[in-house]
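Notes for the one structure printed next.
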Amino acid sequence: MAFLGGRGCFDGARARRYPRVTVTSPPVVRFAPSPTGYLHVGGAHSALANWMFARRHGGRFLLRIEDTDTERNRPDLLDGVLDMLRWLGLDWDGEPVHQSDCVGDHRAAADALLASGDAYWCDCSPEQVQARAKERGGPPGYDGHCRDRGLAEGAGPLRFRVPPGTTAWTDLVRGEVSFDNATIEDFVLLRSNGTPMFLLANAVDDAAMGVTHVIRGEDHVNGTPKYLLILRALGRTEPTAFAHMPLLVNESRKKLSKRRDDVSVASYRDEGFLPEAMVNYLSLLGWGPPDGVEVRPIAEIVDLYDLADVNPSPAFFDRKKLLHVNGEWIRGLALDDFLARARPFLPGDDAAAALAALGPLVQERVRLLSEVADMVDFLWMDEPPVDDAAWDKVMVRGKAAPEMLDASTAELTALEGWTADGISAAVERAAITAGFTKPDGSPQMAKAPAPVRVATTGRSVGPPLWESLAALGRDRTLARLAAARVRLAG
RNA sequence: GCCCCCGUCGUCCAGCGGCCCAGGACAUCGGCCUUUCAAGCCGGCAACGCGGGUUCGAAUCCCGUCGGGGGUGCCA
């Protein structure tokens, strides 16, 4: 059978949780997305596992586009997926294989199975199958009705004749998994219209592509015995290794769903998550580095990551921790790199210049690139928005706001030069004038600058004030202090 | 219903028979630092689902039980 190729190369060795994964010849793995237009974080998780495995063992990471039954083979939808893989840095080897180009192989495999007696034609409609199951009272599913009827190709589907016995494999992350074949119904290989079903196409394509290790989500465990049965019936003798990764779940421990969860990798990118952080965090779901150092380059993780160490239980996709990891990565960026990456999240050159003026001070205060704009908007906007809560708290209910604004205006007007240090000293003097003093007469700087900050930036939090005002300039600083004073009086 | 998988702090991991009255990280709480906010540092709270075994000794092995999830399409 020409379409069956590839070589097996899984060897168990060294007791660990399960045999540590060793590879004796270059492995071939694949990620098989459907062209849905977006990459799901769960998909990214298993794509990453495949990619890391290939890179770690010097193998090949292939892509196969499962586009057989999808509405249309729309290139734009595929691009959405490929773009995200590129963004994450998961580069694949060779050109992606389109499953739709392989239907000939699928048919050939079906023919072979029919010829060997491992498949047979059926003429039961789904309704009939269902009706009989209901009547039987037992489990739903096909009952083998047409097994021995010797039907010729007709209006019905081609079914696989599941043999008696058990089907088992040693899963790289789960250990021994076995199924009693009696619990597996005679599943459909070819639809009534002659098109191949996922299971057949999947198994045949993997064999044709020489896939040695199938690494995918746990939701595929149940399909594995069928996959194995098909390949065995087709005479493939090379063993395929399997690794079923833990599912990514939401707060209610349910598989992440497009409907109710944020699952699109693109949406995380658009929020300002760094691809390095994304991939770093994803690697931490189901696995942990032996030395406990969680935030680190993916290259290091590739060297440390072993499928035998993957925890098989479902993992909660924790946005809070992702944010933390992202913050670490942002702070670790070189300044120029940080500015460049933040640029797309800023509205224009003025904003970019504003960010550049306070670069490092902003960099260590954001966890998302999308947060930078709000931190420097007071620098490039003529009239930055005033946070009502901040105004109310500091200006209205806070103490001595008018006095502080007046004193600051006087000190800053008289200030020689316009530097952060000078501004700092000026505001300290203003604090004393305005009555913000500690028992020992020193200025109470924890509170005093608040009115100045709200007046000039519109917010109660932000980058350090002295540097902010230095960047703002004397004229604009004084103008805003005056405007705030007017608003306060009014 | 049937099949399969899973079960250590709220969460993600460590733990592979004694080093564990369980360790790290995130979150959370408190403190320090401090011009706000972050960052950083210090400290606190917090878990082996339950029941039986095996063993001198079990979070670690076995059985059961309970709980959770996944799969049960002529979708992929």
Side-chain angles (χ1 to χ4, degrees), chain A residues 15-18 32-34 36 66-70 99 122 124-126 129-130 137-142 156-159 171 174 177-180 182-185 187-195 197-199 201-202 217-225 244 246-247 249 251-255 281 284-295 309 311-318 320-325 327-328 331 361-367 375 390 394 423-424 427-428 431 443-450 452-454 457 459-468:
Chain A
R16 183 73 179 177
R17 185 199 300 278
Y18 299 120
S34 298
T36 53
E66 311 237 310
D67 56 1
T68 47
D69 197 65
T70 317
Q99 193 162 62
C122 168
C124 301
S125 68
V129 171
Q130 204 172 50
Y142 187 66
L158 181 72
R159 289 182 181 275
D171 198 281
R174 273 150 227 279
V177 181
S178 85
F179 286 75
D180 178 347
T183 65
I184 304 170
E185 63 176 317
F187 55 96
V188 173
L189 257 12
L190 251 31
R191 301 188 185 85
S192 296
N193 66 11
T195 57
M197 286 289 287
F198 163 75
L199 236 11
N202 197 254
E218 194 212 283
D219 45 349
H220 289 284
V221 175
N222 300 271
T224 303
H244 287 95
L247 248 27
V249 300
E251 52 284 351
S252 22
R253 311 296 307 177
K254 294 268 180 32
K255 182 168 71 162
Y281 176 64
L284 261 18
L285 292 177
W287 178 83
D291 59 7
V293 179
E294 297 185 320
V295 179
D309 296 328
N311 183 335
S313 43
F316 171 60
F317 186 86
D318 189 354
K320 291 246 186 71
K321 182 144 186 179
L322 208 209
L323 272 172
H324 171 262
V325 172
E328 295 260 326
R331 287 191 293 281
L361 299 178
V362 173
Q363 184 177 4
E364 63 179 311
R365 285 173 170 72
V366 295
R367 291 187 302 177
M375 301 220 74
V394 175
I423 293 166
S424 170
V427 175
E428 283 188 16
Q444 193 181 38
M445 298 308 285
K447 289 277 186 184
V452 178
R453 178 183 290 281
V454 173
T457 72
R459 305 171 190 278
S460 55
V461 300
L465 230 208
W466 321 147
E467 286 80 358
S468 295

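By convention in this document, chain letters (A, B, ...) are assigned in the order of the sequence lines, proteins followed by strands, and residues within each chain are numbered from 1.
Residues passing the side-chain hydrogen bond (donor to acceptor under 3.5 Å, both in side chains) test with A/Ser313, sequence neighbours excluded: A/Asn311. Taking the salt bridge (charged side-chain N to carboxylate O under 4.0 Å, His left out) definition, one finds that A/Glu364 meets it with nothing, sequence neighbours left out. Taking the side-chain hydrogen bond (donor to acceptor under 3.5 Å, both in side chains) definition, one finds that A/Thr457 meets it with nothing, sequence neighbours left out. Annotation: side-chain contact (heavy atoms from CB on, under 4.5 Å) contacts of A/Ala315 (sequence neighbours excluded): A/Leu285. Checked against side-chain hydrogen bond (donor to acceptor under 3.5 Å, both in side chains), A/Glu294 has the following partners two or more places apart in sequence or in another chain: A/Lys321. Taking A/Glu328 as the reference, A/Arg331 meet the salt bridge (charged side-chain N to carboxylate O under 4.0 Å, His left out) condition, with sequence neighbours excluded. In this structure A/Phe317 satisfies the ring-ring contact (aromatic ring centres under 6.0 Å, His included) test together with A/Tyr268, A/Tyr281, sequence neighbours excluded. Judged as a side-chain contact (heavy atoms from CB on, under 4.5 Å), and not counting sequence neighbours, the contacts of A/Pro314 are A/Val249, A/Arg253. Applying the side-chain hydrogen bond (donor to acceptor under 3.5 Å, both in side chains) criterion to A/Arg459, with sequence neighbours excluded, gives A/Asp377.
Nucleotide B/G1 forms a pair with B/U72, judged by Watson-Crick or G-U wobble geometry with both contacts under 3.5 Å. In a base pair of the Watson-Crick type (N1 to N3 plus N6-O4 or O6-N4) or a G-U wobble (N1-O2 and O6-N3), with each distance short of 3.5 Å, B/G18 is matched with B/C56. When both distances must be under 3.5 Å, the Watson-Crick or G-U wobble mate of B/A27 does not exist. Nucleotide B/C50 has B/G64 as its partner under the Watson-Crick or G-U criteria, with both atom distances under 3.5 Å. Both distances falling under 3.5 Å, in either a Watson-Crick or a G-U wobble arrangement, occur for no nucleotide opposite B/C33.
Within 4.0 Å (heavy atoms only), A/Ala450 reaches no atom of the nucleic acid at all. In this structure, A/Gly327 reaches neither bases nor backbone, as no heavy-atom distance under 4.0 Å exists between it and the strands shown. Among the heavy atoms of the strands, none lies under 4.0 Å from A/Phe187. A/Pro464 comes within 4.0 angstrom of a nucleotide base, judged by non-hydrogen atoms across all strands. When heavy atoms are screened at a 4.0 angstrom cut-off, A/Ser192 is found touching base atoms of the nucleic acid. Residue-level contact check: A/Ala431 touches neither bases nor backbone, having no heavy atom under 4.0 Å from any strand. Residue contacts for A/Thr224: at a heavy-atom cut-off of 4.0 Å it reaches no nucleic acid atom on any strand shown. Looking at heavy-atom distances under 4.0 Å, A/Pro246 makes no contact with the nucleic acid at all. At a threshold of 4.0 angstrom between heavy atoms, the contacts of A/Lys254 are confined to the sugar-phosphate backbone, with no base atom among them. Using a 4.0 Å heavy-atom cutoff across all strands shown, A/Leu465 reaches at least one base atom of the nucleic acid.
Across the protein-nucleic acid pair, A/His220 atom NE2 and B/G71 atom P stand 9 Å apart, rounded to whole Å. Atom CZ of A/Arg459 and atom P of B/A38 are 15 Å apart (whole Å). At whole-Å resolution of the value, CZ in A/Phe179 and P in B/U72 are 12 Å apart. One can place CG of A/Leu247 at 17 Å from P of B/G68, the figure rounded to the nearest angstrom. With rounding to whole Å, A/Leu190 atom CG is found 12 Å from B/A76 atom P. Per the geometry, CD belonging to A/Glu218 stands 13 Å off C1' belonging to B/C3, to the nearest Å. Following rounding to the nearest Å, A/Glu185 (CD) and B/C74 (C1') show an atom-to-atom distance of 11 Å. Counting to the nearest Å, the P atom of B/G69 and the CG atom of A/Leu285 are 19 Å from each other.
Nearest to the side chain of A/Phe198, among B/A76, B/U35, B/C5, sits B/A76. Picking from B/U36, B/C74, B/A76 the nucleotide with the shortest atom distance to the side chain of A/Pro157 gives B/C74. For A/Phe316, the listed nucleotide lying nearest its side chain is B/C12; candidates were B/C4, B/C12, B/G71. Among the nucleotides B/C37, B/G71, B/C4, the one closest to any side-chain atom of A/Val177 is B/C4. Listed nucleotides B/G71, B/A14, B/A76 differ in distance to A/Gln99; the shortest reach to its side chain belongs to B/A76. Out of B/G40, B/C6, B/C4, the shortest distance to the side chain of A/Arg331 is found at B/G40.
In this structure, the side chains of A/Arg365 and A/Val461 stay at 4.5 Å or more apart for every pair of heavy atoms. For the pair A/Pro289/A/Leu284, a side-chain contact is recorded, criterion being any heavy-atom separation below 4.5 Å from C-beta on. Side-chain contact between A/Val427 and A/Trp466 is present, with at least one heavy-atom pair separated by less than 4.5 Å. Looking at heavy atoms from C-beta onward, A/Met445 lies in side-chain contact with A/Pro449 at the 4.5 angstrom threshold. Between A/Pro157 and A/Ser192 there is a side-chain heavy-atom pair separated by less than 4.5 Å.
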In 5'-to-3' order, the base (B), backbone-only (S) or no-contact (-) status of each nucleotide in nucleotides 44-50 of chain B, using a 4.0 angstrom heavy-atom cut-off, is -------
Letter per nucleotide, 5' to 3', of nucleotides 26-33 of chain B [B base touched, S only sugar-phosphate touched, - untouched; heavy atoms, 4.0 Å]
SS------
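To the nearest 0.5 Å, atoms CG (A/Leu199) and OG1 (A/Thr224) are separated by 9.0 Å.
When the C1' atom is used for both B/A58 and B/G15, the distance is 12 Å, rounded to whole Å. For B/A47 and B/A22, the C1' atoms lie 9 Å apart once the distance is rounded to whole Å.
The 5' end of RNA chain B is approached more closely, in terms of each residue's nearest nucleotide, by A/Phe317 than by the other of A/Ser424 and A/Phe317. Nucleotides of RNA chain B nearest to A/Val366 and A/Gly288 differ in position, and the one nearer the 5' end is that of A/Gly288.
Distances shown here put every side-chain N or O of A/Asn222 at or beyond 4.0 Å from the OP1 or OP2 atom of B/C2. At B/C12, one or more side-chain N or O atoms of A/Arg253 fall inside 4.0 Å of OP1 or OP2 (strictly under the cut-off).
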Every protein N/O within reach of nucleotides 59-67 of chain B N/O, cut-off under 3.5 Å:
none

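On a pure distance criterion of 3.5 Å, no polar donor-acceptor pair joins the side chain of A/Arg174 and the base of B/C5.
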